[in-house]
Protein chains: 2
Amino acid sequence: MSRRDEVLLAALDLLDEVGLEDLTTRRLAERLGVQPSAMYRHFASKQALLDAMVEHLATVADGPVPDGDWSEQLRRIAEESRNGMLRVRDGARLIATHRTPGPAAIAAFDQLTAMMHATGLPEPIARSAVDTVICYVNGFTIEEQSRRPAAPTRTRADKNADFRAGLELIITGIRCSLPAG
Amino acid sequence: MSRRDEVLLAALDLLDEVGLEDLTTRRLAERLGVQPSAMYRHFASKQALLDAMVEHLATVADGPVPDGDWSEQLRRIAEESRNGMLRVRDGARLIATHRTPGPAAIAAFDQLTAMMHATGLPEPIARSAVDTVICYVNGFTIEEQSRRPAAPTRTRADKNADFRAGLELIITGIRCSLPAG
DNA sequence: ACCTGAACACCGTTCAAGT
DNA sequence: ACCTGAACACCGTTCAAGT
C-alpha cells in the first residue's frame, strides 16, 4: 500500500471520528505523526484529498449493475448507494457536495436508464425515474446523517424500513407509468 | 428594522455572492464597515447567524397548507420548498445541513400527513409519502445547486421540468397505493 | 521519496474599553 | 445600544531545506 493510500485511509478514519467540520489537514498530520505540510507531497490540496475520499466511497457504490428485473436493480442500486454513504460519518454530505460524477457513476447511470427503457418506458421517463431515485437516496441519507443525536427516537432498523418504504413508493410510481402495467 | 436584521440580510446577500465556503464573519464585517467582533453583539456565534438565515429562508417555504386535493397540496409544498432554497446560492445545503426542523415546519408536516390520512392512506404510509417527497426535494435541489457551472447544458426551464417529472412519479406512486384507485 | 521548519494570509471568538 | 482594539488558538498553503 502506497503512502498516499495510508494518508487517504487515515483521513477517512478521522472523518468518521470527528465529522466533516473538524476534518482538518493539521489534525490529520497530527494523527499521522507528521508536520502539516507533509500532506502536500501526496495531495495537491485538501480539496484533492476530499475528492479522493469521495472516489473511495463511491467505488463501493458504483459497482456493476446487478442481475434481476428493473425494480430489483433499482432497489440494489439505491441500497448500495446509501450503504456507501453510511460507511463514514457525514459520508452523504461529503459525496453530495464534492462529487463530480466520475466515469463509473455515469456509466452505471446510463446502463440503468437503458435497461428501464428496454422495459418499455419512454426514454425521457426512464431517465427521470433513475434521477428521482438518486435524488431520493441522497436527500434521505443526508438528512439521516445530519440529525443531531439529541433524541434518537428511531433506531437504525426503523430508518432502514423508512428508507425502503419511500423507495417502494417511487418504484410503484414507475410501475404505474409503464405502458402495459 | 433592527440592526440585527440588517446584519442578517447582509449575511444572506453575502452568501448569495460568495457561496457557503466563503461566507466568513470577517468578510461580513468588512461589508458592513465594521470590526469582526461587532457581530457578536447581535448573534452569539456564526452558528446562531446561520440558524437565523435558515429560519429566514424556511419561513418563506413553511407557510400555511394551501387549498386543493392532496396531490395539489403536495405539488405546492414541494415547489415552494424548492423555491425557498433557490432564493440564495447554496440555500439547499445551508438548510439541509443546519436545520433543526423548527415548529412551523413540524406543524406543516403533521397537517399534511393528517390530510393524506384522511384521503384514505393508512397513517404510516401517509407519513412515508410526505417524507419521501421532502427527501426528493432536498436531494434534487442540493444537487441542482452544487453543480459546478462548467457546462450548463440544461437551462433553468429544463431543471424545472425535470423536477416536476420526478415529483409526478412519486405522486403517481402514492395514488397507486391508495385503497380505491 | 518523504518529511521538517518557518513563514503567510486567513479563520472564529473573547474581552476590556470606548461613545 | 453599538462598536473598537488587541489578543488567542486555530486554519490551508508555500517553499526552501534536510535525509
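Just so we're on the same page: letters track the sequence lines, and every chain starts at 1.
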Peer 1: Should A/Arg27 and A/Glu17 count as an ion pair when the cut-off is N to O under 4.0 Å?
Peer 2: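 Result for this pair is no, no salt bridge flagged.
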Peer 1: Rounded to the nearest angstrom, tell me the gap between atom CE in A/Met1 and atom C1' in C/dC2.
Peer 2: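 Answer to the nearest Å: 16 Å.
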Peer 1: Which is more 5' along DNA chain D, the nucleotide nearest A/Thr24 or the one nearest B/Ser2? Just name the residue.
Peer 2: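 The residue closer to the strand's 5' end, by nearest nucleotide, is B/Ser2.
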Peer 1: Got a sec? Which of residues 34-46 of chain B come in under 4.0 Å of DNA chain C, heavy atoms?
Peer 2: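 Listed by number, they are B/Ser37, B/Tyr40, B/Ser45, B/Lys46.
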Peer 1: So which heavy atom on A/Gln145 is nearest to which on A/Asp90, and how close?
Peer 2: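 It is OE1-C, 3.6 Å.
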Peer 1: Provide, to the nearest angstrom, the distance between the CG atom belonging to B/Leu32 and the P atom belonging to D/dC2.
Peer 2: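 Value for this atom pair: 13 Å.
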Peer 1: Should B/Arg75 and B/Glu72 count as an ion pair when the cut-off is N to O under 4.0 Å?
Peer 2: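 Judged by the 4.0 Å cut-off on N to carboxylate O distance, B/Arg75 and B/Glu72 do form a salt bridge.
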Peer 1: Nearest whole Å is fine: how far is C/dC11 P from B/Leu28 CG?
Peer 2: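 Checked: the CG to P distance equals 12 Å.
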Peer 1: Stem finding on DNA chain D, please: runs of three or more consecutive Watson-Crick or G-U wobble pairs, both distances under 3.5 Å, sorted by first number.
Peer 2: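 Looking at DNA chain D, the stems formed by three or more consecutive pairs are C:4-8 with D:12-16, C:12-16 with D:4-8.
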Peer 1: Once you round it to whole Å, what is the distance between P of D/dC11 and CG of A/Asp22?
Peer 2: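 Rounded to the whole Å, the gap is 8 Å.
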Peer 1: Quick one: are A/Arg41 and A/Val7 in side-chain contact, heavy atoms under 4.5 Å?
Peer 2: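 SC-SC contact between A/Arg41 and A/Val7 ruled out.
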Peer 1: Treating B/Asp131 as the side-chain partner and B/Arg127 as the backbone partner, does any N or O pair qualify as donor plus acceptor under 3.5 Å?
Peer 2: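 No; judged by distance alone, with no hydrogens or angles, the pair does not exist.
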Peer 1: For B/Glu6, I'd like to know if atom CD has over 12 heavy atoms of other residues, nucleotides or ligands within 6.0 Å.
Peer 2: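 For B/Glu6, atom CD is crowded (more than 12 foreign heavy atoms under 6.0 Å).
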Peer 1: Write down the distance between CG (B/Leu23) and P (C/dC11), rounded to a whole number of angstrom.
Peer 2: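 These atoms are roughly 11 Å apart.
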Peer 1: Should the pair A/Glu144-A/Arg154 be classified as a salt bridge under the 4.0 Å nitrogen-to-oxygen rule?
Peer 2: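 Not counted as a salt bridge, because no side-chain N and carboxylate O are separated by less than 4.0 Å.
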Peer 1: Are the side chains of B/Phe43 and B/Asp51 in touch, meaning some heavy atoms are under 4.5 Å apart?
Peer 2: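 Side-chain contact under 4.5 Å: no.
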Peer 1: Take the protein atom CZ of B/Arg26 and the nucleotide atom P of D/dG12, then report the distance between them rounded to whole Å.
Peer 2: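 Going from B/Arg26 (CZ) to D/dG12 (P), I get 16 Å.
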Peer 1: Is the shortest side-chain N/O distance from A/Arg4 to OP1 or OP2 of C/dC2 below 4.0 Å?
Peer 2: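 No, A/Arg4 has no side-chain N/O under 4.0 Å of OP1/OP2 on C/dC2.
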Peer 1: Does the Lys NZ or Arg CZ of A/Arg82 fall within the cation-pi geometry relative to A/Phe140 - under 6.0 Å from the ring centre and within 45° of the axis?
Peer 2: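 No, A/Arg82 does not lie over the aromatic ring of A/Phe140.
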